[in-house]
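The structure under discussion is supplied below as structure tokens; questions concerning it will follow.
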Amino acid sequence: MINNKESVVPSNFIRQIIDNDLKNGIHKSIHTRFPPEPNGYLHIGHAKSICLNFGIAKDYLGKCNLRFDDTNPEKEDLEYIKSIKNDLIWLGFKWSGDIHYSSNYFDEFYKYAIELINKGLAYVDELNPKQIREYRGTLSSPGKPSPYRSRSIQKNLDLFKKMRLGKFKEGEACLRAKIDMNSSFIIMRDPVLYRIRFIRHQQTGNNWCIYPMYDFSHCISDALEGITHSICTLEFQDNRRLYDWILDNITIACRPNQYEFSRLNLQYTIMSKRKLNQLVKSNLVEGWDDPRMPTISGLRRRGFTAKAIRDFCQRVGVTKQENMIEFSSLESCIRADLNKTTPRVMAVLNPVKVIIENYNEKNTETLLIRNHPNKPEMGFREVPFGRVIWIERNDFREIETETYKRLVLGQEVRLRGSYIIRAKGIKKDKQGKITTIYCSYDMDSLGKNPNKRKVKRVIHWISADKALIAEIRLYDHLFTIPNPDSVDDFINAINSKSLCKVQGFVEPSLATAKPGQRFQFERIGYFCLDSKHSKPQSLVFNRTVSLRETWSFD
Ligand code: ATP
Ligand code: MG
């Protein structure tokens with residue numbers, strides 16, 4: 001068996017089919033494809049399909065094509081093609097050979113349509129789209145044959161050519177397969193194969209005014225490219241009958257098979273490109289790459305790594321079971337990756353001032369702090385320390401409780417990588433809000449525990465003197481309910497608080513951070529320098545994910 005499974009990839013029913021096909025000599029090598037329609041950006045659902053198709057090609061030393069399914073001239077855009085290529089490469093995959101476009105095969109599709117007409121298996125119908133729908137029947141009632149169904153082959157050839165030459169208006173005629181108006185599968189009740197559209201196509205210009213339907217073009221494209229396993233999502237299960245019917249009735253060398261798996265549904269997100277496009281067009285998000293979007297580009301801008309997305313796709317697996325994946329499953333994949341790879345830094349998001357009264361006003365120090373607790377190879381960074389520092393407002397309380405393990409009036413706490421301080425007094429404003437905490441420090445506690453007492457509590461801090469101000473963007477789910485597709489209008493389920501911008505302080509070491517660079521803000525979460533809005537003088541960080549599921553800001 002041809003196999004390149006260096007890492008342990010869990011098997012699934014599609015891989016078992018492939019294993020059997022190889023064992024039984026049905027195929028000698030494996031060829032898959034990923035066929036996006038260029039009418040939007042890729043989302044995390046596509047990533048599942050990408051990992052499956054490209055993953056199979058990689059593990060079986062086979063090939064995977066990238067094919068833009070661009071038979072629909074209406075919605076396609078070069079921007080989408082560019083972004084799809086870019087996202088695929090970023091995810092760590094590369095297509096075999098050249099990029100394919102379904103529109104490259106328009107001549108072939110036409111030729112195969114003529115073949116079907118010549119075999120008496122297709123006819124030009126002049127019912128209008130509404131009548132076609134009515135004649136088609138329903139799940140409980142059979143269809144009714146069109147009065148144009150029994151035209152002669154010659155007449156059909158003539159009319160199809162007329163269609164191609166633009167002699168009919170849109171909707172006046174279409175080409176239909178002649179299969180079975182009584183089939184229990186509605187898709188088999190003489191499906192439309194070609195329709196008329198007077199629209200300029202991005203790749204073929206005005207060469208065509210008839211365009212093939214997905215079911216007709218897809219199976220032929222697969223066969224022309226020598227695809228062995230054509231993998232798609234479950235909603236195409238019934239279409240498989242048509243896929244097989246077309247390939248069985250035309251003269252074509254290769255005979256691919258279609259297999260369906262369940263699509264990825266992720267809580268609090270929508271996956272339909274049409275709906276995502278609606279969010280973009282109506283400015284409900286900043287664009288396709290808004291960090292709240294479930295798109296690959298949105299996740300990337302938010303700070304997700306390609307590895308975390310691939311791990312997630314592997315974790316959800318490939319089955320025929322419809323299900324809804326918990327959002328926390330995606331979050332735990334990104335945490336696991338970033339925990340290993342990101343340097344630690346300190347940031348204070350909701351600051352309160354601390355004055356260390358026994359620290360000499362004229363003094364400052366530069367402390368060396370480890371970039372990663374378990375990875376000495378990641379080195380140290382310089383962190384300035386001085387008399388006035390910022391700490392997190394929720395890291396201080398006037399009164400001790402049993403579960404509160406931070407700074408309390410009269411008690412000690414260690415400042416991460418620095419000294420132990422003791423809170424001695426506070427100052428409040430007229431509203432009773434604490435404005436300053438007065439502390440003392442133990443000058444003998446740097447890098448060591450003091451004699452006779454243990455201070456286990458640790459909090460993070462920033463030197464007020466050298467702090468950089470940063471805008472920190474905290475994201476919540478884009479929708480308020482786990483399944484926004486379940487309500488009449490998903491727009492009503494939008495979470496108006498999905499983005500919260502706060503001003504915080506970060507260490508000066510972040511002045512040189514690069515767009516897209518990721519960090520762990522100690523005790524808070526993983527953050528990434530925004531690639532669109534951040535400037536050296538005004539840093540903007542996106543929260544990728546909090547450190548724990550329960551972290552709250554106040
Ligand atoms: P959308 O409804 O978002 O427009 P689509 O299926 O029309 O999705 P395509 O561009 O046609 O989008 O999809 C390319 C490939 O990605 C197809 O093989 C499709 O089955 C797969 N795919 C799309 N969405 C998902 C998903 N949520 N889970 C798994 N695979 C998906
Ligand atoms: Mg589609």
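We number each residue from 1, following the sequence as shown. Counting starts at 1 for both ligands and their atoms, in listed order.
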**Study point:** Aromatic plane relationship, His46 with Phe34 - under 30° parallel, 30 to 60° tilted, over 60° perpendicular
**Key:**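 Perpendicular.
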
Practice item. Could you tell me if any non-hydrogen atom of Phe34 lies under 4.0 Å from any atom of ligand 1? Key: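 Phe34: in contact with ligand 1 (<4.0 Å).
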
Exercise for review: Name the orientation class of the two ring planes belonging to Trp288 and Tyr80 (parallel below 30°, tilted from 30 to 60°, perpendicular beyond 60°).
Suggested key: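 Perpendicular: the ring planes of Trp288 and Tyr80 meet at over 60°.
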
Point to revise | ligand 1 N/O within reach of Glu37 N/O, cut-off under 3.5 Å | key: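 Right, the criterion is met.
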
Check your understanding: So among Lys63, Arg67, Arg33, which one has a salt bridge (charged side-chain N to carboxylate O under 4.0 Å, His left out) with Glu225?
Key ->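 The salt bridge (charged side-chain N to carboxylate O under 4.0 Å, His left out) with Glu225 is passed solely by Arg67 among Lys63, Arg67, Arg33.
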
Review point. Can you check whether Lys273 has an N/O within less than 3.5 Å of an N/O in ligand 1?
Key: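 Among all N and O atoms of Lys273, at least one is under 3.5 Å from an N or O of ligand 1.
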
Check your understanding: For ligand 1, which atoms have a heavy atom of His43 less than 4.0 angstrom away?
Key ->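 That gives atoms 3 (O), 24 (N) of ligand 1.
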
Check your understanding: Below 3.5 angstrom, do we get any N/O pair linking Leu264 and ligand 1?
Key ->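 Checking ligand 1 against Leu264, an N or O pair does fall under 3.5 Å apart.
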
Review point. Taking both backbone and side-chain atoms of Glu235, is any N or O found less than 3.5 Å from an N or O belonging to ligand 1?
Key: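 Min N/O separation from ligand 1 is not below 3.5 Å for Glu235.
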
Point to revise | Atom indices of ligand 1, in the order listed, that fall short of 4.0 Å to a heavy atom of Ser272 | key: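 Matching atoms, with element in brackets: 2 (O), 3 (O).
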
Practice item. Can you tell me which residue pairs pass the salt bridge (Lys or Arg N to Asp or Glu O under 4.0 Å) test with a partner in residues 44-53, sequence neighbours excluded? Key: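 Listed by first then second residue: nothing to list.
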
Exercise for review: May I ask which of Lys275, Arg263, His46 has a heavy atom nearer to atom 2 (O) of ligand 1 than the others do?
Suggested key: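 Checking each option, the heavy atom nearest atom 2 (O) of ligand 1 is found in Arg263.
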
Check your understanding: Within the structure, does Met271 bring an N/O atom to less than 3.5 angstrom of an N/O atom in ligand 1?
Key ->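 Right, the criterion is met.
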
Review point. Which option, Ala47, Pro38, Ser49, Pro36, owns the non-hydrogen atom nearest atom 14 (C) of ligand 1?
Key: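 It is Pro36 that holds the nearest heavy atom.
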
Check your understanding: Restricting to pairs with a member in residues 305-341, which pass ring pair (Phe, Tyr, Trp, His ring centres under 6.0 Å), not counting sequence neighbours?
Key ->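 Of all non-adjacent pairs touching residues 305-341, those that pass ring pair (Phe, Tyr, Trp, His ring centres under 6.0 Å) are Phe327-His477.
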
Review point. Salt bridge (charged side-chain N to carboxylate O under 4.0 Å, His left out) between Arg473 and Glu286: does it pass, once the steps are laid out?
Key: CA-CA 13 Å; Arg473 299 185 172 189; Glu286 216 189 82; 3.8 Å; yes

**Study point:** Nearest non-hydrogen partners of Arg301 and Cys528, listed with the distance
**Key:**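 Here Arg301 and Cys528 meet closest at O-SG, 3.7 Å.
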
Check your understanding: Backbone or side chain, does any N or O of Ser262 fall under 3.5 Å from an N or O of ligand 1?
Key ->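 N/O-N/O distance under 3.5 Å: no.
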
Exercise for review: Measure from atom 30 (N) of ligand 1 to every heavy atom in Ser230, Cys51, Cys232, Gly45 and give the option owning the shortest one.
Suggested key: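 That would be Gly45.
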
Review point. Can a salt bridge be assigned to the pair Asp311 and Lys307 using a cut-off of 4.0 Å between side-chain N and carboxylate O?
Key: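 Salt bridge flag = yes for Lys307 with Asp311.
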
